[in-house]
Amino acid sequence: MTTRRRIAVVGATGVLGRPVVQRLLARGHTVRAIVRRPDTAMTGRAQAPQLEVVQGDILEPVSLATGLQGCDVVLHLATAIPRPGAAPDWSRNDRIRVDGTRHLLAAAEHAGCRRYVQQSVAMLHAGAPDVTATEDAPLQGQGVLASALEMERRVQASRLHWVILRGGLFYGPGTDFSAGTHRQARAGQLQLPGQGLHYVSLVHVDDMAQAVVLAAESDASQLALNIVDDRPVTWRELLEHVAALHGATPPQPGGAPGLPGFRVGNRRAREVLGWASRYPDYRSGWVAE
């Protein structure tokens, strides 16, 4: 039987936070959603007696104190990824990863919280395309990933019982990546990054949410886990699949190279959390929208 816990969620209204909150409530936990604007955060959503919504901002440390009081577990799911087509300003996301993580760790320790779960990115395992990386592989923290690497270092230095979940590239309902890729396919504008030969490790957002819930309930601590689907895929294979869903011509080379490829395995998450991907690869989870 699952022990019911009081779980604080920072980032509760995001693309990952929403399915995480739904799953936690369904499993009988009390959820405290820490949001910047409580009056609008849960508009149009079914209320549950075990859902508490309180005001707080991860970049304003004083505001976190009340939200964490009495909680057993803290989930850091907050991000501020630039939207596709918008100016590529990563500054707020960097602040959330570095300053926000520092604030939240300090507040969690002060409040006596026992457990801390940190969302991170499997892109830190960018490297050789012919090697499937494990959690023990060296991390690459260049460019926009530097703040993710610093975020992880701060978590690992804390006195909490922490787990870091390095998620693959999110796809599925509500994700900007899926929506943007479908939109480009319908318009006949899909292009391969470079030659499309680099690998990418994906994860359906629902599978990532399930991993977060299992990590919140688990007693495992002081470790990082890769949360990715079962089969890395090249950009060419993936985008040709999306084009075919819309009856579009296959994408051609020549697009911006983007981030380095990353090819990551999920064995440790299966063993430690008992997690299994509902969508083993993009062919089972990526549908036309």
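All values below come from the heavy atoms of this structure, side chains included, with hydrogens, waters and symmetry mates left out.
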task = Check step by step if salt bridge (charged side-chain N to carboxylate O under 4.0 Å, His left out) holds for Asp136 and Arg268.
result = CA-CA 10 Å; Asp136 299 322; Arg268 186 176 294 176; 2.9 Å; yes
Can you confirm whether [X] sits close enough to [Y] that some side-chain heavy atom of one is under 4.5 Å from a side-chain heavy atom of the other?
{"X": "Pro193", "Y": "Leu239", "answer": "yes"}
{"X": "Leu197", "Y": "Trp235", "answer": "no"}
{"X": "Ile164", "Y": "Gln156", "answer": "yes"}
{"X": "Leu59", "Y": "Arg95", "answer": "yes"}
{"X": "Leu169", "Y": "Val121", "answer": "no"}
{"X": "Trp162", "Y": "Ser221", "answer": "no"}
{"X": "Val233", "Y": "Leu202", "answer": "yes"}
{"X": "Val31", "Y": "Glu52", "answer": "no"}

ask   = Taking it one step at a time, do Leu77 and Gln118 satisfy side-chain contact (heavy atoms from CB on, under 4.5 Å)?
value = CA-CA 7 Å; Leu77 311 181; Gln118 176 69 60; over 6 Å; no
Test item: [X] side-chain N/O and [Y] main-chain N/O as donor-acceptor pair under 3.5 Å:
{"X": "Arg115", "Y": "Ser218", "value": "yes"}
{"X": "Arg263", "Y": "His125", "value": "no"}
{"X": "Thr181", "Y": "Phe177", "value": "yes"}

task = Might you work through the side-chain contact (heavy atoms from CB on, under 4.5 Å) test for Leu165 and Met208, ending with a clear yes or no?
result = CA-CA 9 Å; Leu165 302 180; Met208 183 68 183; 4.0 Å; yes
Nearest non-hydrogen partners of [X] and [Y], listed with the distance:
{"X": "Leu124", "Y": "Gly141", "answer": "CD2-CA, 4.3 Å"}
{"X": "Pro251", "Y": "Ala243", "answer": "CD-CB, 4.0 Å"}
{"X": "Leu25", "Y": "Ala48", "answer": "CD1-CB, 4.1 Å"}
{"X": "Glu240", "Y": "Pro250", "answer": "CG-CB, 4.4 Å"}
{"X": "Ala122", "Y": "Val264", "answer": "O-CG2, 3.9 Å"}
{"X": "Asn226", "Y": "Gly265", "answer": "CB-O, 3.2 Å"}

task = Assess whether side-chain contact (heavy atoms from CB on, under 4.5 Å) is satisfied between Val74 and Val117, documenting all intermediate values.
result = CA-CA 6 Å; Val74 181; Val117 179; over 6 Å; no
So if you build clusters from Ile, Leu, Val, Met, Phe, Trp, Tyr with side-chain heavy-atom gaps below 4.5 Å, do [X] and [Y] land together?
{"X": "Val35", "Y": "Val10", "result": "no"}
{"X": "Ile96", "Y": "Leu145", "result": "no"}
{"X": "Ile7", "Y": "Val53", "result": "yes"}
{"X": "Val54", "Y": "Leu64", "result": "yes"}
{"X": "Val98", "Y": "Ile58", "result": "no"}

query = Of Thr30, Val212, Leu75, which is the lone residue that meets side-chain contact (heavy atoms from CB on, under 4.5 Å) with Leu24?
reply =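 The option that passes is Leu75.
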remark   = Applying side-chain contact (heavy atoms from CB on, under 4.5 Å) to Leu105 and not counting sequence neighbours gives Thr101, Tyr116, Arg154, Val155, Ser158, Leu160
key: For Ser178, side-chain contact (heavy atoms from CB on, under 4.5 Å) partners two or more places apart   =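 Listed in chain order: Tyr171, Thr175, His182, Trp286, Glu289.
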query = Taking everything shown except Arg4 itself, do over 12 heavy atoms lie less than 6.0 Å from its CZ?
reply = no
How far does [atom1] of [X] sit from [atom2] of [Y], to the nearest 0.5 angstrom?
{"X": "Arg6", "Y": "Arg32", "atom1": "CZ", "atom2": "CZ", "value": "5.5 Å"}
{"X": "Ile34", "Y": "Thr66", "atom1": "CD1", "atom2": "OG1", "value": "9.5 Å"}
{"X": "Met123", "Y": "Leu139", "atom1": "CE", "atom2": "CG", "value": "14.0 Å"}
{"X": "Ile227", "Y": "Ser120", "atom1": "CD1", "atom2": "OG", "value": "11.0 Å"}

For [X], give me all partners under side-chain hydrogen bond (donor to acceptor under 3.5 Å, both in side chains), at least two apart in sequence or on another chain.
{"X": "Arg236", "value": "none"}
{"X": "Arg5", "value": "Asp219"}
{"X": "Asp230", "value": "Asn266, Arg270, Ser277"}
{"X": "Ser147", "value": "Asp94, Arg97"}

Cluster companions of Val62 among Ile, Leu, Val, Met, Phe, Trp, Tyr (side-chain spacing under 4.5 Å) = none
request  = Among residues two or more places apart or on two chains, list those pairs meeting salt bridge (charged side-chain N to carboxylate O under 4.0 Å, His left out) that have a residue in residues 156-171.
outcome  =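 Sorted result for residues 156-171: Glu109-Arg159, Glu152-Arg166.
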task = Using the side chain to side chain donor-acceptor pair (under 3.5 Å) rule, collect all pairs that involve residues 185-211, keeping only residues at least two apart or in two chains.
result = none
inquiry  = For residues 55-65, which residue pairs pass the side chain to side chain donor-acceptor pair (under 3.5 Å) check, not counting sequence neighbours?
reply    =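 The answer is none; no pair qualifies.
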query = What pairs with His241 under ring pair (Phe, Tyr, Trp, His ring centres under 6.0 Å), at least two apart in sequence or on another chain?
reply = Tyr282
task = Report the C-alpha distance between Leu68 and Leu104 in whole Å, list the side-chain angles of each, state the deciding distance to 0.1 Å, and finish with yes or no for side-chain contact (heavy atoms from CB on, under 4.5 Å).
result = CA-CA 9 Å; Leu68 298 188; Leu104 190 58; 4.0 Å; yes
query = Arg27: what forms a salt bridge (Lys or Arg N to Asp or Glu O under 4.0 Å) with it, not counting sequence neighbours?
reply =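 Arg27: salt bridge (Lys or Arg N to Asp or Glu O under 4.0 Å) contacts with Glu217.
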message = With salt bridge (charged side-chain N to carboxylate O under 4.0 Å, His left out) as the criterion, how do Arg231 and Glu237 come out once you've worked through the C-alpha distance, each side chain's angles and the decisive distance to 0.1 Å?
response = CA-CA 12 Å; Arg231 189 172 74 88; Glu237 181 181 346; 2.7 Å; yes
request  = Salt-bridge test for Asp176 and Arg183: reply yes if a basic N is under 4.0 Å from a carboxylate O, no otherwise.
outcome  =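 Answer for the salt bridge query: no.
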